[in-house]
Amino acid sequence: MRLSRYFLPVLKENPAEAQIVSHRLMLRAGMIKQATAGIYSWLPLGFKVLRRLEDIVHEEQVRAGHIPMLMPTLQSADLWRESGRYDDYGEEMLRIKDRHGRDMLYGPTNEELITDIFRAHVGSYKDLPLTLYHIQWKFRDEVRPRFGVMRGREFFMKDGYNFDIDQDAAIHAYDRHMVSYLRTYERMGLKAIPMRADSGPIGGDNTHEFLVLAETGESEVFYDRAILDLTLGGRDVDYNDAAQCAAIKEEWTTPYARTDETHDSDLFNAIPAERRMSSRGIEVGQIFYFGTKYSEPMGATVANAEGEKVPVHMGSHGIGVSRLVGAIIEASHDDKGIIWPEAVTPYKVGIVNLKQGDAEADAACEALYKELTAKGLEPLYDDRAERAGAKFATMDLIGLPWRITVGPRGLKNGVVELTSRRSGESEELVPAEAVARLQGIYAGI
RNA sequence: CGGGCUAUAGCGCAGUUUGGUAGCGCGUUCGUCUGGGGGACGAGAGGUCGCAGGUUCGAAUCCUGCUAGCCCGACCA
């Protein structure tokens with residue numbers, strides 16, 4: 001993309017409405033624009049990141065054997081009356097009437113809808129296990145939306161639902177989600193810690209929240225430092241192997257890690273003092289096993305091997321995709337702007353032409369642009385007639401992890417500069433080497 | 001929902017106390033110079049002063065009502 005042809009309304013000054021760093025940076029980098037309290041338009045750059053995260057979530061869900069679908073945003077109140085949650089959910093549910101006066105709602109979650117789909121079409125244990133998920137906009141009418149997309153009213157979320165014949169099978173599904181979520185966050189360049197959680201209004205006993213450590217997090221968290229050293233790395237996971245999934249869950253849930261809701265100071269103080277950590281965290285996902293809480297009242301049953309109808313065991317699992325955009329920025333920025341991890345960056349590399357209009361600089365940039373594009377290293381080429389400082393400032397703000405700087409000075413020696421946004425370190429390379437270097441960097445991502 | 005605050009050009013703000021028909025910085029447009037970290041000079045464009053009503057010869061400014069947004073708290077993927 002050529003910046004002169006793009007839509008990137010960056011702001012030089014901090015908007016008054018934004019208090020926390022990710023909100024400020026998303027506004028300044030031209031990623032979002034507030035439509036009304038807690039509701040945002042996603043401008044091209046922000047949309048690109050959002051889509052990128054969505055893609056990663058999809059890939060990891062499919063890898064775990066889960067099946068994508070799409071349910072609507074608007075739902076009929078009838079199903080929610082069946083589950084009993086129409087009254088329980090309270091003011092956070094946005095309730096609407098259609099022209100016939102029928103009660104509708106903008107879905108804050110989809111347990112009822114998915115259960116309705118399940119009971120209509122699945123009748124036998126032979127159809128299990130089944131895990132369906134979708135990534136869709138949700139709405140919760142927060143009393144006080146804030147922090148930009150981190151706590152908006154409208155948000156984009158992956159929610160998945162597993163259906164299993166018994167508790168053991170459902171726990172396997174729970175563990176599978178645990179592992180797939182760990183992989184998902186790791187791919188995004190995030191350290192997200194599973195913490196024992198409170199089940200809240202959704203209900204159920206077995207639940208973990210995934211938290212990204214950040215000063216601006218809404219929850220206070222306590223954990224054993226040992227958990228920070230855990231990594232899935234390139235581990236080959238067989239999601240059908242219940243024992244392997246359980247072992248990984250065990251590995252990640254053995255070190256103490258809890259939010260203030262479930263914190264137990266006796267257990268915490270049993271950890272060696274030097275490993276006792278407390279900080280703040282942003283919740284970016286949660287997994288639940290809730291048994292037959294919905295299947296029983298809503299009659300979602302299957303015939304077991306003996307021919308008896310039994311309610312299915314279910315769980316639900318969510319990843320806050322739009323919130324993750326903010327969380328990643330909270331965890332990865334400096335005073336100049338955002339620093340995108342390679343896996344989620346909107347463009348893989350920025351090209352800065354230091355002297356737009358200079359025949360050699362222009363030609364070198366054009367050649368690089370074509371070459372990078374051909375190699376799938378999607379570049380953002382700043383071809384505006386701006387001065388160097390302005391171009392650097394824009395690149396730093398929007399946070400592309402790599403920058404190639406092209407100017408007459410370097411071109412005299414046939415070189416361009418490849419700079420890491422994170423470390424600030426630069427290297428002078430001939431253009432072909434710079435491209436090769438980037439290919440290497442992005443090869444495994 | 002309790003408490004506090006704000007609303008003036010695309011963004012950040014001054015002007016409101018003491019009423020006289022709106023200003024600064026950034027951005028933006030044009031031109032010239034410049035060209036390795038938000039450059040300089042010159043010339044422009046851009047505002048129903050959140051909305052409605054009232055007081056007044058006259059309202060951004062005073063009064064009443066409303067709306068929207070922000071902050072703290074409670075709450076929360």
Q) When you check every protein heavy atom under 4.0 Å of nucleotides 31-37 of chain B, what one-letter string (B, S, -) results, 5' to 3'? A) ---BBBB

Q: Take A:K191 and A:L213, measure what side-chain contact (heavy atoms from CB on, under 4.5 Å) needs, and give me the verdict at the end.
A: CA-CA 8 Å; A:K191 181 68 84 178; A:L213 301 178; 5.8 Å; no

Q. P atom, B:A52 versus B:A43: distance in rounded Å?
A. 37 Å

Q. Between A:D141 and A:R95, is there a side-chain N and carboxylate O pair less than 4.0 Å apart?
A. no

**Q.** Gap between atoms CD and C1', on A:E92 and B:A74 respectively (whole Å)
**A.** 12 Å

Q) Taking a pair as Watson-Crick or G-U wobble with both distances under 3.5 Å, which nucleotide is matched to B:C62? A) B:G54

Q) Roughly, in whole Å, what's the span from CD in A:E91 to P in B:C75? A) 17 Å

Protein-nucleotides 6-11 of chain B N/O pairs closer than 3.5 Å?
| unit_1 | atom_1 | unit_2 | atom_2 | d |
| --- | --- | --- | --- | --- |
| B:C11 | O2 | A:E13 | OE1 | 3.4 |

Q.
Can you list everything that forms a ring-ring contact (aromatic ring centres under 6.0 Å, His included) with A:F156? Sequence neighbours excluded, please.
A. A:W137

Q | P spacing across the pair B:U28 / B:U16, given as an integer number of angstrom | A | 31 Å

Q: Answer yes or no: is there a side-chain heavy-atom contact under 4.5 Å between A:L267 and A:R258?
A: yes

Q. Does a donor on one side chain sit under 3.5 Å from an acceptor on the other, for A:E283 and A:S219?
A. no

**Q.** Contacts of A:S22 that satisfy side chain to side chain donor-acceptor pair (under 3.5 Å) - sequence neighbours left out
**A.** A:E330

Q. Residues in side chain to side chain donor-acceptor pair (under 3.5 Å) with A:S420, at least two apart?
A. A:S423

Q | Nucleic acid contacts - residues 60-76 of chain A versus RNA chain B, non-hydrogen atoms under 4.0 Å | A | none

Q) Just checking, A:R140 and A:F155: is the charged tip under 6.0 Å from the six-membered ring centre and within 45° of the axis? A) no

Q: Would you kindly give the CD1-to-P distance between A:I398 and B:G38, to the nearest whole Å?
A: 18 Å

Q: Pick the C1' atom in B:A9 and in B:G23, then give their distance to the nearest Å.
A: 11 Å

Q. Residues from residues 18-28 of chain A sitting under 4.0 Å of RNA chain B, heavy atoms only?
A. A:Q19, A:R28

Q. When you check the side-chain N and O atoms of A:D159 and A:H134, is any donor under 3.5 Å from an acceptor?
A. yes

Q.
Using atom C1' in both nucleotides, what's the gap between B:A14 and B:C51 to the nearest angstrom?
A. 24 Å

Q | Pair listing, ring pair (Phe, Tyr, Trp, His ring centres under 6.0 Å) test, anchored in residues 333-357 of chain A, at least two apart | A | A:Y6-A:Y347

(Q) From the set B:C70, B:G73, B:A77, return the single nucleotide nearest to any side-chain atom of A:E17. (A) B:C70

**Q.** Pairing residues for A:F163 by the ring-ring contact (aromatic ring centres under 6.0 Å, His included) criterion, not counting sequence neighbours
**A.** A:F118

**Q.** Interatomic distance where CD belongs to A:E142 and P belongs to B:A77 [whole Å]
**A.** 8 Å

Q) Taking atom types as modelled and ignoring hydrogens, do the side chains of A:S332 and A:R422 form a donor-acceptor contact shorter than 3.5 angstrom? A) yes

(Q) If I pick the P atom on B:U17 and the same atom on B:A45, what distance separates them, to the nearest angstrom? (A) 30 Å

Q | Residues in ring-ring contact (aromatic ring centres under 6.0 Å, His included) contact with A:H313, at least two apart in sequence or another chain | A | none

(Q) Applying a 4.0 Å non-hydrogen cut-off, can you work out what A:G424 is touching in the nucleic acid: base, sugar-phosphate, or nothing? (A) nothing

Q: Indicate yes or no: at least one non-hydrogen side-chain atom of A:L228 is less than 4.5 angstrom from one of A:I193.
A: yes

Q) What is the distance from CZ of A:F210 to P of B:A77, rounded to the nearest Å? A) 15 Å

Q | Whole-Å P distance, B:A7 and B:U32 | A | 42 Å

**Q.** Pairing partner of B:G31 (Watson-Crick or G-U wobble, both distances under 3.5 Å)
**A.** B:C41

Q. Does the distance from a Lys or Arg side-chain N to an Asp or Glu carboxylate O, for A:R151 and A:E218, drop under 4.0 Å?
A. no

Q. How long is the line joining CZ of A:F290 and C1' of B:A77, in whole Å?
A. 15 Å

Q. Do A:Y133 and A:H66 have ring centres separated by under 6.0 Å?
A. no

(Q) We want to know whether A:H263 and A:Y256 form a side-chain donor-acceptor pair, criterion being a heavy-atom distance below 3.5 angstrom. (A) yes

**Q.** Test: A:R85 and A:D88 ion pair at under 4.0 Å
**A.** no

Q: Report yes if some heavy atom in the side chain of A:F392 is under 4.5 Å from a heavy atom in the side chain of A:E386; otherwise report no.
A: no

Q. Looking at RNA chain B, which of residues 30-50 of chain A put a heavy atom within less than 4.0 Å of it?
A. A:Q34, A:T36, A:A37

Q: Find which nucleotide of RNA chain B each of A:V143 and A:F147 is nearest to by heavy atoms, and output the residue with the more 5' nucleotide.
A: A:V143

Q | Aromatic plane relationship, A:F288 with A:F290 - under 30° parallel, 30 to 60° tilted, over 60° perpendicular | A | tilted

What are the atom names and distances for every N/O pair under 3.5 Å that joins the protein to nucleotides 41-50 of chain B?
none

(Q) When both hydrogen-bonding distances must be under 3.5 Å and the geometry is Watson-Crick or G-U wobble, what is B:C76 paired with, if anything? (A) none

Q) Which residue, A:P145 or A:L397, contacts RNA chain B at a nucleotide closer to its 5' end, judged by nearest heavy atom? A) A:L397

(Q) Using atom P in both nucleotides, what's the gap between B:U61 and B:G50 to the nearest angstrom? (A) 8 Å

Q: Using the six-membered ring wherever Trp is involved, compare the ring planes of A:H23 and A:Y40 and label them parallel, tilted or perpendicular (cut-offs 30° and 60°).
A: perpendicular

Q) Expressed as a whole number of Å, how far does the C1' atom of B:C13 sit from that of B:G27? A) 14 Å

Q | Any N/O donor-acceptor pair, A:R151 side-chain to B:C76 base, under 3.5 Å | A | yes

Q. Roughly how many Å is it from CZ in A:R146 to C1' in B:G4, rounded to a whole number?
A. 14 Å

Q: Find the distance A:L94:CG to B:A77:P and express it as a whole number of Å.
A: 17 Å

